[in-house]
Amino acid sequence: MTTSTTGTDTLTRDALAVLQPGFAGTTAPDWVRRRLSEGLASVALFGRNVATAEQVTALTAQLRAERDDLLVAIDEESGDVTRLEVRTGSSFPGNHALGAVDDTALTRGVARELGRRLAECGVNFNWAPSADVNANPDNPVIGVRSFGRDTDLVARHTAAYVEGLQSTGVAACTKHFPGHGDTSVDSHHAVPHIDLDATTLNERELQPFRAAIAAGTRAVMSAHIRVPVLDPDRPATLSRRILTGLLRGELGYQGLIVTDGMEMRAISGTYGLEHGVVLAIAAGADAICVGGGLCDEDTVQGLTDALVAAVRSGELPEERLADAAARVRALADWTAGMRRSPALEGDREPEIGLTAARRAVTVTRTGPAAPAAGPVYVATFHPAANIAVGDETPWGVGAELERLLPGTTTGSFTGPDAGARALEAAAGRRVVAVVRDEHRHPWMRTALDTLLAAGPDTVVVEMGVPQSAPRGALHVATHGAARVCGTAAAEAVVAG
């Protein structure tokens with residue numbers, strides 16, 4: 001193990017310590033290993049770093065050979081946002097499915113089993129859960145990542161998730177503070193505005209974060225959103241009023257504050273990446289998430305130099321940078337101390353994800369229809385994936401229905417003529433139409449109109465937020481598109 005920082009001054013070590021960079025490849029690059037010896041205290045894993053669980057375990061062991069107390073972070077919400085199972089789909093349903101069941105013991109158990117799997121792979125810091133209240137059904141980036149639109153429900157499940165995950169020694173990172181649920185803009189592309197009054201913000205958006213803090217969340221992630229009632233000038237990630245005044249002062253939070261990805265256009269496109277990082281630390285953030293896109297040594301060097309230069313110029317107080325670095329190291333100490341958690345040695349629940357997905361399914365029969373006993377045609381209507389979800393992870397019910405109903409065939413469609421093309425491809429066979437957030441996509445609604453007019457026995461499977469009224473001879477709502485949600489939906493289709 002190497003933890004020596006000989007030859008690296010304290011200021012540079014602190015600047016490196018606050019970064020949580022990503023890297024390319026499924027093994028540790030030489031530059032990352034070298035930076036670990038110079039003071040880098042965290043790394044982040046993305047889908048590009050994952051091949052198998054065994055490979056991730058070897059990767060994290062390789063990294064910890066350089067620094068034993070390393071924080072290894074990942075964006076593993078489960079459900080639609082998965083990195084550990086990016087190529088297969090998640091073994092666990094996401095938040096919206098858990099909220100639909102509304103059993104906090106189940107949520108706690110799912111988070112605990114997920115934490116065990118992460119810990120076994122050497123991952124000790126998870127950028128989850130999302131504590132956003134899904135107040136805006138047209139939200140393009142949160143949706144099924146939220147437990148729901150009821151504040152109390154979101155608060156109690158956020159707390160249960162934090163407790164379950166952290167019982168395994170994996171730090172939770174509750175996001176996206178002060179609440180990203182009432183936006184109609186994706187902060188990956190621009191700065192969303194939330195024009196709420198102080199009362200609504202306090203009683204709705206902030207309640208789940210209060211619950212997470214009370215449950216002991218070790219980290220909170222800031223959102224790149226502008227909330228004029230709190231700060232009319234700067235987004236939360238760069239706002240001292242929000243991070244230091246509200247989160248630290250009014251809410252009394254003392255753990256780690258992490259930024260959302262700093263390459264997101266809400267920050268990099270408005271303030272510039274390097275200046276944005278300086279502003280975030282000055283505002284009260286302790287750790288900088290970067291690497292979802294930029295994942296090279298030059299990025300790490302540029303951000304380190306920017307932080308050091310800001311301290312030397314007086315733009316960033318040296319004690320603020322030192323405090324941020326100390327909080328990162330304190331979290332690393334906690335995870336190191338929790339490494340032999342009793343939760344890792346207790347009874348396993350390997351099927352809890354599928355159990356939860358089955359419980360989350362809602363079946364509505366809107367007309368008489370026989371169960372699907374023979375081959376069907378599965379028409380999956382693909383919306384454009386947001387960046388958080390990505391387009392690498394398979395979803396739907398086709399593969400499972402092919403297994404359950406031999407002879408079943410599938411096709412994927414998008415665009416204004418999707419329904420007509422799906423109907424032609426079905427060639428008279430019964431159709432199972434799979435959608436994701438029908439209410440947000442007029443072309444998808446039109447496609448269903450076409451299929452249902454031609455075939456009243458069409459089955460509709462909604463794998464997003466079931467905001468639209470149920471229709472189809474059988475309507476199956478899964479509340480998410482995880483692999484286990486697809487399995488549960490296919491079982492419901494066959495059962496009728």
Side-chain angles (χ1 to χ4, degrees), residues 79-81 89 94 96-97 100 134 136-146 149 183-186 189 360-364 366-367 369 376-401 408-426 429-482 485-486 488-490 492-493:
D80 290 31
V81 179
H96 205 61
N134 201 38
N136 184 347
D138 291 327
N139 193 313
V141 68
I142 301 301
V144 294
R145 301 167 67 195
S146 166
R149 61 186 305 170
T183 63
S184 57
V185 172
D186 185 344
H189 303 298
V361 166
T362 302
V363 176
T364 305
T366 62
V376 295
Y377 185 79
V378 180
T380 302
F381 296 103
H382 275 270
N386 67 55
I387 291 176
V389 173
D391 56 8
E392 294 178 84
T393 307
W395 66 280
V397 303
E400 187 66 11
L401 281 177
T408 289
T409 54
T410 64
S412 297
F413 307 90
T414 190
D417 62 344
R421 288 188 289 115
L423 195 61
E424 181 181 4
R429 286 168 290 177
R430 187 177 185 184
V431 175
V432 175
V434 186
V435 296
R436 205 166 175 174
D437 292 342
E438 178 202 342
H439 67 282
R440 292 201 304 110
H441 304 287
W443 68 266
M444 200 178 287
R445 190 176 312 120
T446 300
L448 287 187
D449 291 342
T450 300
L451 291 178
L452 290 168
D457 63 346
T458 295
V459 175
V460 177
V461 179
E462 169 63 84
M463 302 194 78
V465 177
Q467 183 73 20
S468 297
R471 55 185 179 148
L474 190 73
H475 185 277
V476 180
T478 62
H479 303 89
C485 294
V493 170

Tell me if a side-chain donor or acceptor on [X] pairs with a main-chain N or O of [Y] at a distance below 3.5 Å.
| X | Y | value |
| --- | --- | --- |
| D457 | R430 | no |
| D437 | V465 | yes |
| H441 | P383 | no |
| E462 | E438 | yes |
| R421 | T414 | yes |
| H479 | A360 | yes |
| T458 | G472 | no |

What's the shortest heavy-atom distance between [X] and [Y], and which atoms?
| X | Y | answer |
| --- | --- | --- |
| E400 | A490 | CG-CB, 3.4 Å |
| V389 | D80 | CG1-O, 3.5 Å |
| A425 | Y377 | CB-OH, 3.3 Å |

Checklist entry - So, do S468 and H475 sit near enough that their side-chain heavy atoms are less than 4.5 Å apart? => result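 No; the side chains remain at least 4.5 Å from each other.
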Next on the checklist: Are R445 and V435 packed together at the side-chain level, in the sense that at least one heavy-atom pair is separated by less than 4.5 angstrom?
Outcome noted: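 They are not in contact (no side-chain heavy atoms under 4.5 Å apart), so the answer is no.
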